[in-house]
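Reviewing the structure listed below.
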Amino acid sequence: MNKYFKKNEAEKYVFYKIPKALFTDNKYKSVSTDAKMLYGLLLDRMYLSAKNGWIDKHGRVYQFFTIKQGQELLHFGHDKVIKLFAELEVAGLIERKRQGQGKANIIYLKKF
């Protein structure tokens, strides 16, 4: 079995995209690589949210992404994922709206 990808296999894989600006813009220098990865996951989910019609009265796409989902995808503990969300919020990359106890926060992804 060949260990190398061939031309016809290149389209078989789906990738998360992380904006280059998060690594090159000094504004995001203090944002950890883990938080940037979380932003990439949220960016990927934005398409699905728009497709589901999760758009507020101002035309902004929002999503639901729980701490537990972050833990499962990133393989981090609860406290670490909470810290990553806080990093993204402080950096101005997301805005979270609380819905109440037991309900997932509404997350607005902001442009970088």
Side-chain angles (χ1 to χ4, degrees):
M1 183 170 161
N2 192 333
K3 295 181 183 181
Y4 301 95
F5 290 104
K6 300 291 184 174
K7 182 179 178 183
N8 62 341
E9 296 173 305
E11 295 176 337
K12 288 184 179 182
Y13 301 93
V14 178
F15 297 93
Y16 291 114
K17 294 181 181 180
I18 302 173
K20 189 175 181 178
L22 297 183
F23 295 94
T24 59
D25 191 328
N26 282 334
K27 180 178 180 182
Y28 306 114
K29 190 175 185 177
S30 65
V31 177
S32 70
T33 303
D34 292 338
K36 292 171 184 174
M37 186 66 208
L38 176 58
Y39 186 84
L41 295 174
L42 295 170
L43 193 59
D44 181 67
R45 295 274 301 263
M46 187 172 53
Y47 169 78
L48 183 60
S49 297
K51 188 176 175 182
N52 286 335
W54 294 351
I55 301 168
D56 70 8
K57 63 183 178 181
H58 303 290
R60 300 177 300 184
V61 177
Y62 62 88
Q63 60 184 285
F64 301 97
F65 193 92
T66 65
I67 302 298
K68 185 175 174 104
Q69 288 171 312
Q71 288 178 263
E72 290 170 0
L73 288 170
L74 295 170
H75 306 285
F76 293 139
H78 183 266
D79 292 344
K80 171 79 172 188
V81 175
I82 288 174
K83 180 181 174 262
L84 297 178
F85 272 110
E87 270 190 75
L88 293 177
E89 202 160 27
V90 167
L93 291 168
I94 65 168
E95 180 182 336
R96 294 182 289 178
K97 298 273 185 190
R98 299 201 185 278
Q99 293 197 95
Q101 190 171 4
K103 294 184 180 179
N105 291 337
I106 291 173
I107 300 171
Y108 290 99
L109 206 58
K110 292 183 172 183
K111 293 180 180 179
F112 44 91

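Quick caveat: nothing in here was measured; it's all calculated off a predicted structure.
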Can you name the residues that form a side chain to side chain contact (heavy atoms under 4.5 Å, CB included) with [X], not counting sequence neighbours?
X     : result
Leu43 : Pro19, Tyr39, Met46, Leu109
Leu74 : Met37, Leu38, Leu41, Phe76, Leu84
His58 : Asp56, Arg60

**OP:** For the pair Glu89 (side chain) and Arg96 (backbone), establish whether a donor and an acceptor sit closer than 3.5 Å, ignoring hydrogens and angles.
**Re:**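 Such a contact is found between Glu89 side chain and Arg96 backbone.
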Original post:
Checking Gln99 side chain against Ala104 main chain: does a donor-acceptor pair fall under 3.5 Å?
Top reply: yes
**OP:** Verify the neighbour count for atom OH of Tyr47: are there more than 12 heavy atoms of other residues, nucleotides or ligands below 6.0 Å?
**Re:**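 Open.
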Are [Y] and [X] linked, directly or through intermediate hydrophobic residues, by side-chain heavy-atom contacts shorter than 4.5 Å (ILVMFWY only)?
X      : Y     : answer
Ile82  : Leu42 : yes
Leu48  : Phe65 : no
Tyr16  : Tyr28 : yes
Ile107 : Ile55 : yes

Original post:
Tell me, which pairs form a salt bridge (Lys or Arg N to Asp or Glu O under 4.0 Å) where one or both residues lie in residues 17-44, sequence neighbours left out?
Top reply: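 Sorted result for residues 17-44: Asp34-Lys80.
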Output the distance between atom [atom1] ([X]) and atom [atom2] ([Y]), rounded to the nearest 0.5 Å.
X      : Y      : atom1 : atom2 : result
Gln63  : Asn105 : CD    : CG    : 11.5 Å
Glu95  : Leu93  : CD    : CG    : 12.5 Å
Lys103 : Arg98  : NZ    : CZ    : 14.5 Å

List in chain and number order the residues that pass side-chain hydrogen bond (donor to acceptor under 3.5 Å, both in side chains) with [X], two or more places apart in sequence or in another chain; answer none if no residue qualifies.
X     : value
Glu72 : none
Gln69 : Thr66
Glu87 : Ser32
Lys57 : none

Original post:
Which atom pair, heavy atoms only, marks the closest approach of Ser49 to Val61?
Top reply: CB-CG1, 3.8 Å
Original post:
Val31 and Ala91: which non-hydrogen atoms are nearest, and at how many Å?
Top reply: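 Closest pair (atom of Val31, atom of Ala91, distance): CG2-CB, 3.6 Å.
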**OP:** Kindly write out the residues that satisfy salt bridge (Lys or Arg N to Asp or Glu O under 4.0 Å) with Lys111, not counting sequence neighbours, or none if the list is empty.
**Re:**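 Lys111 satisfies salt bridge (Lys or Arg N to Asp or Glu O under 4.0 Å) with no other residue.
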Original post:
In the hydrophobic cluster built from side-chain contacts under 4.5 Å, what are the other members alongside Tyr4?
Top reply: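 Members other than Tyr4 - counting any ILVMFWY side chain reachable under 4.5 Å - there are none.
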**OP:** Give the other cluster members for Phe64, using side-chain heavy-atom distances under 4.5 Å between Ile, Leu, Val, Met, Phe, Trp and Tyr residues; answer none if it is isolated.
**Re:**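 Its cluster partners, ordered by chain and number, are Trp54, Tyr62, Ile106, Tyr108.
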